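The structure appears right after this line, and notes come after that.
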Amino acid sequence: MDSGAIATIVGLLGACLVALVLVLVARREAGVQRARAAEDVASIKADARAMLSDVERRERRLTEREQSLAADRTEVDELERRARADAESAAEAKRAGARTLEDAERAAAQRAADAERAALVALESATGLTAEDARAELTRRIVDQAQNDAAAQVRRAEAQARRTAEARARRIVTTAVQRLAVPTSTQSPLTVLPLPSDEMKGRIIGKEGRNIRSFEALTGVNVLVDDQPDAVVLSCFDTERREVAQVALEALMADGRIHPQRIEQAYAEALAGADERTDAAGHDAAERAGVGALHPALVRTLGRLRLRTSYGQNVLEHLVESAQLAAALAAEIGADVDVTRRGAFLHDLGKALTAEVPGTHAAVGADLARRHGESAVVVNAIAAHHDEVPAETVEAVLVQVADSISAARPGARREELDQYVERIDKLEQLVAAHAGVRRALAMSAGREVRVVVEPSEVDDYALPQLAVAIARHIEADLAYPGEITVTVVREIRASATAG
């Protein structure tokens, strides 16, 4: 056998040996795996048996709980059946009680009705009144009592509101008036011009009085040179003539040359400067009143009012005063100060045109202001300041208040004695004509009327109505400046004699 075959055999034997070794190793590993698998199977079986035991235990508990729930359900069903039975019994008892109560109520109502009819018959026989008559009388008394109580409540509420309103209004008006500083003297038909020297009086008189005669004939104004030592007095009821004469005389005294020709020249210059003085007066008044941006036509119309008076009060000064008052009042109550001031300053604008345009001065002034670009609020304040149209804003009401305060303050206006006495007599006669009035007394220069009534003819509840009726009668039939307060007095006196 050659060496190659031996090598082959040896290789085969080595391979078999290796294979045998591998088989042995594989068998050992398989044994280990089998042992481990057997252990795992045993562990799984143990777990399965434990889980099976737990499931069986839970099934037993579930069965016990189901049995307990079935027993509880049976008990609940029994309780519900008993409760329904009890409820039915209670309902039946309630129905029976209700029937019994209804029967008792019907019986009681019947007995009460019988007793009421018997009492009513006895009452009717005793009083001689039927039920309807008694009911009507009772209703009438209740209504009267309710009306009296309501009237008393209304009077108390009105008195409280009046006290509060009067106190606040008095405070506001007092504050506004205290802030105002105006002269209290009334307009006079005289103008006093101080003389620069004593010799000027002789120049004014002229040789044999020719200068003074020429001046008076030309101007239509009386010149009084002997009334005051250092002044010359111009007397004329026509304010326009008096102003022209004043301007002319001031120019003559400033020039020093006084003779008939110079007098005519000074008079012509005074007449020619009337428009300029009108514009200047309007601008000055607007500046003092604090009102700006006025149309030139309104300024000139206002300037014309410098020569217009109302009961002796200069109208242009009245407008300035009213504007200042209205602004103070508006500031006190929180209204629009600028609108109120403007409305008060323009409220008597129409007085400059009443001789040229038909209509009241309020309507004429409102129309003029509207045509020259004033706002609707200002126009309404002008038109409503004498209640010819309703006041639409609180500013319009404040214009009325300021107008009344300016006209009514002491020294603002004056009247002739005969006119004053006639007005007072007419006022008292008008008030005395009302039914139940015993006596009428005009007081406080005709701005208050105290009315004494007959107690037997006018009761306490009729006093407010009588006061209002008298006030409305005065408004309708009597012309007067400012306001008139009506106070109605009802007095009852009782006396007795002992002895």
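Small disclaimer: the values here were computed from a predicted structure and weren't measured.
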Minimum-distance pair of heavy atoms, taken over all atoms of P455 and R490: O-NH2, 2.9 Å

Is it true that [X] and [Y] have a side-chain N and a carboxylate O under 4.0 angstrom from each other?
{"X": "R61", "Y": "E64", "result": "no"}
{"X": "D114", "Y": "R111", "result": "no"}
{"X": "R306", "Y": "E243", "result": "yes"}
{"X": "R342", "Y": "E374", "result": "yes"}
{"X": "R82", "Y": "D86", "result": "no"}
{"X": "R370", "Y": "D367", "result": "yes"}

H347-H361 aromatic ring centre distance below 6.0 Å: no

Is there a donor-acceptor pair closer than 3.5 Å between any side-chain N or O of [X] and the backbone N or O of [Y]?
{"X": "S89", "Y": "A85", "value": "yes"}
{"X": "E395", "Y": "D336", "value": "yes"}
{"X": "D348", "Y": "K351", "value": "no"}
{"X": "H386", "Y": "E388", "value": "no"}
{"X": "H372", "Y": "A369", "value": "no"}
{"X": "D403", "Y": "V399", "value": "no"}
{"X": "R304", "Y": "A352", "value": "yes"}

Check against side chain to side chain contact (heavy atoms under 4.5 Å, CB included), L427 and I474: CA-CA 8 Å; L427 176 61; I474 293 174; 3.7 Å; yes

More than 12 heavy atoms from other groups under 6.0 Å of CD on E287: no

Atom CZ of R450 with >12 non-hydrogen neighbours under 6.0 angstrom: no

L302 and V299: CA distance, side-chain angles, deciding distance, side chain to side chain contact (heavy atoms under 4.5 Å, CB included) verdict: CA-CA 5 Å; L302 288 168; V299 174; 5.5 Å; no

Which atom pairs, donor and acceptor, lie under 3.5 Å between side-chain atoms of residues 20-41 and protein residues at least two apart or in another chain?
none

No-hydrogen, no-angle side-chain donor-acceptor test under 3.5 Å, Q400 and D387: yes

Q153 and D149: side chain donor to acceptor below 3.5 Å: no

By side chain to side chain contact (heavy atoms under 4.5 Å, CB included) - contacts of D477 (at least two apart): L430, H473

I405 and E321: CA distance, side-chain angles, deciding distance, side chain to side chain contact (heavy atoms under 4.5 Å, CB included) verdict: CA-CA 9 Å; I405 294 175; E321 179 180 344; 5.9 Å; no

Minimum side-chain heavy-atom gap L398-I333 below 4.5 Å: yes

Check: residues 93-107 side-chain donor-acceptor pairs under 3.5 Å, at least two apart:
residue	atom	partner	partner atom	Å
R95	NH2	E92	OE1	2.7
T100	OG1	A96	O	2.9
D103	OD1	R106	NH2	2.2

Of R60, R58, E66, E59, the residue whose pairing with L62 passes side chain to side chain contact (heavy atoms under 4.5 Å, CB included): E66

